[in-house]
Amino acid sequence: MPEMLEIEVYRRAAERVVGRRITQVHAPDGWYLKEGLTAPVLEKVVEGRTVTALRRRGKLLLVDTDEDGPTIGLRFGMTGRLLVDGRAGIEHLEYSSLRDNPEWDRVVFAFEGGGELRIRDPRRLGGVLLDPAEERLGPDALSVTPAQLRDLLATSRAPVKARLMDQSVVAGIGNLLVDEALWRAGIDPARESRTLTANELRRLHKHLRATLVELGERGGSHTGDLQDERRRDGVCPRDGTPLLRRTVGGRTTYSCPKHQV
DNA sequence: CTCGACTCCTGTTAGC
DNA sequence: TGCTAACAGGAGTCGA
């Protein structure tokens, strides 16, 4: 699934459209347009605009257009892929379909002189937003400092996993990345956030960062050391203990009952 | 305000 | 073999 690492791949792939003028918007799936946005409105405000920058905050991809133009927010849900000029930045996503069906195109931005940005999303959990409220997102997970992380977890009674996946707290972390980071840090996902000691917070910050960097280099959220064992009957890759499978923060969670405490 | 439960979506897969 | 039901999770909403 696309978490922040995959969105960053999309962002880099999409940078080639900077400087291009949008001539046509095709939004056949009204459900994919969020916060009251409609296809006619999207067309009206976007057509004729030139793309000036591609930014990312957490899992949100931001397409800036000329000074007085809007910013287009692209969300990819769990199965959304970005195609740039007909090419996919990522060919296959975990949990998505192996097939590649043009019927799954939810929105297309076509450019002057050819080429386009296209979201292809089988399960329709992504969406398009106009001028999204970026400030509602927490700091990007790659930029969060140890002190910020400490403060964000300090008073919360929610499980640390739920807190880390809350995009308004820290932006960019999804289910696979959080399970991997907590497994590496040796912290139980169900631990009440505010009970983490200073030492555990340091460890969490270190491993969260290392997980993002390392998995980014390996090629995505699904390349973690824990990934192959995220299944029923999986065992801890570190100590061979049968993994615990349960729901934490509303999501299927795998953890090692021996070394994650 | 905080947090958990519920809901949305649909292709894939496990199981009868 | 063919069908059904469970499953996957990002994000919004609602109620305690």
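Source: prediction; values computed, not measured. Chain identifiers are assigned alphabetically (A, B, ...) following the order of the sequence lines, protein sequences preceding nucleic acid strands; residue numbering begins at 1 within each chain.
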Please identify each residue that fulfils salt bridge (Lys or Arg N to Asp or Glu O under 4.0 Å) with [X], with sequence neighbours left out.
| X | result |
| --- | --- |
| A/Arg238 | none |
| A/Arg246 | A/Asp188 |
| A/Lys59 | none |
| A/Arg203 | none |

In whole angstrom, what separates [X]'s [atom1] from [N]'s [atom2]?
| X | N | atom1 | atom2 | answer |
| --- | --- | --- | --- | --- |
| A/Arg246 | B/dA5 | CZ | P | 14 Å |
| A/Asp233 | B/dA14 | CG | P | 13 Å |
| A/Arg123 | C/dC7 | CZ | P | 14 Å |
| A/Asp121 | B/dG11 | CG | C1' | 11 Å |
| A/Asp166 | B/dT2 | CG | C1' | 10 Å |

Classify A/Arg232 by what it touches in the nucleic acid, base, sugar-phosphate, or nothing, heavy-atom distance under 4.0 Å.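 The answer is sugar-phosphate, as A/Arg232 gets under 4.0 Å only of primed atoms, P, OP1 or OP2.
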
task: Name the nucleic acid region contacted by A/Arg120, choosing base, sugar-phosphate or nothing; use a 4.0 angstrom heavy-atom cut-off, strictly under.
output: nothing

- [ ] For A/Val51, enumerate each residue passing the side chain to side chain contact (heavy atoms under 4.5 Å, CB included) test, keeping only those at least two apart in sequence or located in another chain.
- [x]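 Only A/Val17, A/Val18, A/Ile22, A/Leu54, A/Val63, A/Phe111 meet the side chain to side chain contact (heavy atoms under 4.5 Å, CB included) criterion with A/Val51.
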
Looking at residues at least two apart in the chain, or sitting in another chain, which of them share a side chain to side chain contact (heavy atoms under 4.5 Å, CB included) with A/Thr145?
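Here the qualifying residues are A/Ala147, A/Gln148.
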
Is A/Asp151 atom CG crowded by more than 12 heavy atoms from other residues, nucleotides or ligands, each under 6.0 Å away?
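Enclosed.
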
Protein-proximity profile, nucleotides 10-16 of chain C, B/S/- by nucleotide at the 4.0 Å heavy-atom cutoff, equals BBS----

Residue set satisfying ring-ring contact (aromatic ring centres under 6.0 Å, His included) with A/His26, at least two apart, ordered chain then number -> none

key: Residues which pass ring-ring contact (aromatic ring centres under 6.0 Å, His included) with A/Phe76, listed by chain and number, not counting sequence neighbours   =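 If we apply the ring-ring contact (aromatic ring centres under 6.0 Å, His included) test to A/Phe76, skipping adjacent residues, the hits are A/Tyr10.
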
- prompt: Rest of the hydrophobic cluster containing A/Leu62 (Ile/Leu/Val/Met/Phe/Trp/Tyr, side-chain heavy atoms under 4.5 Å)?
  reply: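 Grouped by the 4.5 Å side-chain rule, A/Leu60, A/Leu129, A/Leu137 form the rest of the cluster around A/Leu62.
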
Candidates B/dC9, B/dG11, C/dA8 - which lies nearest the side chain of A/Arg124: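 Of all the options, the side chain of A/Arg124 is nearest to B/dC9.
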
Is the distance from OP1 or OP2 of B/dG11 to the nearest side-chain N or O of A/Trp104 less than 4.0 Å?
yes

_Whether A/Arg245 contacts C/dA8 is assessed here as follows: a side-chain N or O lying under 4.0 Å from the phosphate OP1 or OP2. Is that the case?_
yes

Practice problem: Decide if the gap between the ring center of A/Trp183 and the ring center of A/His259 is smaller than 6.0 angstrom. | Solution: yes

Expected list for residues 149-163 of chain A near DNA chain B, using heavy atoms below 4.0 Å, is A/Ser156, A/Arg157, A/Ala158, A/Pro159, A/Arg163

Axis-to-axis angle for the helix from B/dT2-C/dA16 to B/dC16-C/dG2, ends of five pairs each, to 10°, equals 50°

